[in-house]
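Scroll down for the structure; my scribbles are underneath it.
Here is the naming used below: chain letters follow the sequence lines, and residue numbers restart at 1 for every chain. Just the heavy atoms: all of them, side chains too, but no hydrogens, waters or symmetry mates, feed the values below. Values in this document were obtained by computation on a predicted structure and should not be read as measured data.
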Amino acid sequence: MLDRRSRLVLTAMAFAFAFLYIPIVSVIVYSFNESRLVTVWSGFSLKWWRELPQNTAMVSAALLSLKIAFVTATVAVVLGTFAGVALARYKRFRGRTLFTGLITAPLVMPEVIMGISLLLLFVMLERLTGWPERGFTTVAIAHVTFTMAYVAVIVQSRLVTFDYALEEAAQDLGARPAKVFFVITLPIIAPALVSGWLLAFTLSLDDLVIAQFVTGPADTTLPILVYSSVRRGVSPEINVLASIIVGIVTIGIIIATLLLQRRERIRRREAWTG
Amino acid sequence: MARPARAYLSGEESRVVGFAEGLHLRLLQFAPYRGTIALGRRVGITGARFVIAIPYVWLLLFFLTPFLIVLAISFATPTEMVPPFSFTAFADGAINLAEAVGKYLFLFSDSLYVSAYLSSLRIAAISTVLTLLIGYPLAYGIARTSDRWRVPLLMLVILPFWTSFLIRIYAWIGILGETGLLNQVLQGIGLLDRPLSLLGTEWAIFFGIVYAYLPFMVLPLYATLEKMDLSLLEAASDLGARPFRAFLTVTLPLSLPGVLAGCMLVFIPAVGEFVIPDLLGGSETLMIGKVLSDEFFLNRDWPLASAVAVTMLVILVLPIVLFQRLRARQAEGEG
């Protein structure tokens, strides 16, 4: 039996979820539209799905974006883990306040500010040293800089609930610090590393503004290409691309949820029997 | 090399550890890797210092230094050269103050820039309030459902965030247009007789910002609401408070840190937002992010664009510091 208050909350939730999902569903539906006009339904067709793979510019931009995202996520996980460990573990060191500020600022910094400042840095560096050439490298460096903040926050919150007695015990038993890190700390923060990597990968894949500032003329990432084609007008091919992305993400999230649940079940069973 | 069995690790965990250890051992064969570690030991950078120093140096080089460069270039003079600025105001020893700070005076006196700043702040503030109004009931509802539903519902909130930001904004073009879904539905059920033109208005920008940033509001709100001690509500109702009054006097104040954190996570990036007004807003809506990129890319006036960025940062310093305080307190509170 629902009282009036629960019904109010449920209505608000239903409204919010409809708001979240109607745009996504409409994009998927219209990717099967016969007509070039995105807003007028004129019959079911797969022709836009057949045409997308032939769009070589889009395919190569997608490959470039995936490569950048892979490099970014991998470097960001290493740097972000160090930063997260530093924040959670070392309560006082010289310059900690500045360090904390530098870590958390990229979480909220407007993208145009990060874009313009990194571009100016790269321009100055290139004039002074001849490195880096704008393109893949500069986009990856820029993406690492803002995604490592997210990794650091995830790792830090995982470490806050961490029992340091485990590390001390390993040390007392004669393990060297590097060994303690690999055998004790790393397995415990492993889930945080996985979600940090995935988040960094997605953020890098999705970034438009910063990439637009720091990339060179030769390297067009997928968001830059999509943006310029959207500005020229809506196109059914973008609907197909959107549907593919939504499909991949949905499958990924379902698999992740199932894996987490299975892990949780194994843990619980071991806790009972062990 | 035989490794000890690690009975306390699950299969996946021991694979991760094995991989990391193997990588370390393999990299030890390479002189640069060994050299870096040896060099670190010699200058006293081991363990703790190494862990702090690496991200610290990265952030100093790629996050702090760029801001200092922007600040410096904002005092330069635009030229036709490559790069298009020079420090003529600082030539021959004496500083030409009027030339150096002239751009800032220009920014504050020119109505275009002042109104762009004001409308950015106004649009970001209104969007933040709208996001809170939609996000609060959502977070509240999820935090109060049964354990079984909580994770799937949270996943449903986060899922759109993992798909492309650009495509989520693009979807609204098809919905808000004159022949779009919204108008078709509203006309179909007879609420409207003429199509409503939302695309190109400020309302379209509000829709876009609320839509793009909703998860950033819901997650911190959920975190505070979920942690709340429900016996406080029972106490309030035992003392005769009606549910709504109990909500106003107990739940709302206790969730205030989440409200503030969520609002900062939406408001600060929204002020500099540039894609949403460009795609959904009309040509008459000026937001400062758009002005900045136009000055930079179209007019190639790097010093003026830098001055716009510096001014935006100065305006946002207060909310950013507030956000950092909130985060620091929350991080300490968890431990």
Side-chain angles (χ1 to χ4, degrees), chain A residues 5 9 12-13 16-17 20 23-24 26-27 30 38-40 79 82-83 85-86 90 93 99-102 104-106 108 110-113 116-118 120-121 123-124 141 145 148 156-157 160 177 182-183 186-187 190 202 206 208-209 223 226-227 230 234 238 242 245-246 249-250 253 257, chain B residues 9 13 16-17 20-21 47-48 51-52 54-56 58-59 62-63 65-67 69-70 73 83 134 137-138 140-141 155 159-160 162-167 170-175 177 179-181 243 265 268-269 271-272 274-275 289 292-293 296 305 309 313 320 323-324 327 331 334-335:
Chain A
R5 193 167 43 110
V9 173
M13 280 174 79
F17 276 117
L20 275 176
I24 292 177
S26 83
V27 163
Y30 278 108
V38 182
T39 50
V40 183
L79 292 174
F82 283 173
V85 169
Y90 308 114
F93 55 85
F99 186 63
T100 321
L102 289 177
T104 45
V108 287
E111 289 163 315
V112 281
I113 295 184
I116 190 178
S117 57
L118 276 163
L120 293 178
L121 172 83
V123 168
M124 300 299 253
I141 290 176
T145 308
M148 67 185 273
Q156 185 194 7
S157 58
V160 165
F182 284 125
V183 180
L186 198 58
T202 318
D206 204 22
L208 164 71
V209 179
V226 171
Y227 183 61
V230 169
V234 284
I238 304 287
I245 294 177
V246 171
V249 168
T250 311
I253 286 197
T257 316
Chain B
L9 297 182
E13 286 168 352
V16 171
V17 175
E21 247 188 334
V51 163
I52 297 170
I54 288 189
Y56 212 152
W58 181 285
L59 286 169
F62 294 118
F63 194 71
T65 319
F67 286 131
I69 294 176
V70 169
I73 290 180
I134 295 178
L138 191 59
Y140 182 86
M155 285 289 178
L159 194 139
W162 289 86
T163 68
S164 164
F165 161 81
L166 200 52
I167 279 166
Y170 159 82
W172 282 100
I173 302 179
I175 291 179
T179 55
L181 201 61
L265 275 172
I268 302 168
V271 170
F274 139 74
V275 178
L292 190 158
S293 72
F296 194 85
L313 205 57
I320 289 176
F323 170 75
Q324 297 200 326
R327 241 204 60 73
E334 278 169 3

Carefully, step by step, assess B:Leu292 and A:Ile116 under the rule side chain to side chain contact (heavy atoms under 4.5 Å, CB included).
CA-CA 9 Å; B:Leu292 190 158; A:Ile116 190 178; 3.9 Å; yes
Of the backbone (N, CA, C, O) and the side chain (C-beta and beyond), which part of [X] lies under 4.5 Å from a heavy atom of chain A, both, or neither?
{"X": "B:Leu265", "result": "both"}
{"X": "B:Phe62", "result": "both"}
{"X": "B:Phe296", "result": "side chain"}
{"X": "B:Trp172", "result": "side chain"}

Would you mind telling me which of [options] has the largest number of heavy-atom pairs within less than 4.5 Å of chain B?
{"options": "A:Ile245, A:Leu102, A:Ile24", "result": "A:Leu102"}
{"options": "A:Val108, A:Val209, A:Thr202, A:Ile253", "result": "A:Val108"}
{"options": "A:Val226, A:Thr145, A:Val123", "result": "A:Thr145"}
{"options": "A:Val85, A:Leu20, A:Val27", "result": "A:Leu20"}

For [X] and [Y], work out which heavy atoms get closest and say how close.
{"X": "B:Gly272", "Y": "A:Val112", "answer": "O-CG2, 3.7 Å"}
{"X": "A:Ala242", "Y": "B:Ile167", "answer": "CB-CG2, 3.1 Å"}
{"X": "A:Ser26", "Y": "B:Leu181", "answer": "CB-CD2, 4.0 Å"}
{"X": "B:Ile268", "Y": "A:Pro110", "answer": "O-CG, 3.7 Å"}
{"X": "A:Ala12", "Y": "B:Pro137", "answer": "CB-CB, 3.5 Å"}
{"X": "B:Val51", "Y": "A:Tyr90", "answer": "CG1-CE1, 4.5 Å"}

Tell me, please, which residues at least two apart from B:Gln324 pass side chain to side chain donor-acceptor pair (under 3.5 Å).
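If we apply the side chain to side chain donor-acceptor pair (under 3.5 Å) test to B:Gln324, skipping adjacent residues, the hits are A:Thr104.
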For chain A, find which of [options] contributes the most heavy-atom pairs closer than 4.5 angstrom.
{"options": "B:Tyr140, B:Tyr56, B:Phe165, B:Phe63", "result": "B:Tyr56"}
{"options": "B:Thr65, B:Val70, B:Ile54, B:Leu159", "result": "B:Leu159"}
{"options": "B:Gly177, B:Pro243, B:Ser164, B:Ala171", "result": "B:Ser164"}

Side chain / backbone / both / neither for [X] at chain B, heavy atoms under 4.5 Å:
{"X": "A:Val246", "answer": "both"}
{"X": "A:Leu118", "answer": "both"}
{"X": "A:Met148", "answer": "side chain"}

Hey, could you give me the [atom1]/[atom2] distance between [X] and [Y], rounded to the nearest 0.5 Å?
{"X": "B:Ile52", "Y": "A:Phe93", "atom1": "CD1", "atom2": "CZ", "result": "4.0 Å"}
{"X": "B:Trp58", "Y": "A:Phe82", "atom1": "CH2", "atom2": "CZ", "result": "13.0 Å"}
{"X": "A:Phe17", "Y": "B:Leu138", "atom1": "CZ", "atom2": "CG", "result": "5.0 Å"}

Any side-chain heavy-atom pair from B:Val275 and A:Leu208 closer than 4.5 angstrom?
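A side-chain contact exists here, since the closest heavy-atom pair is under 4.5 Å.
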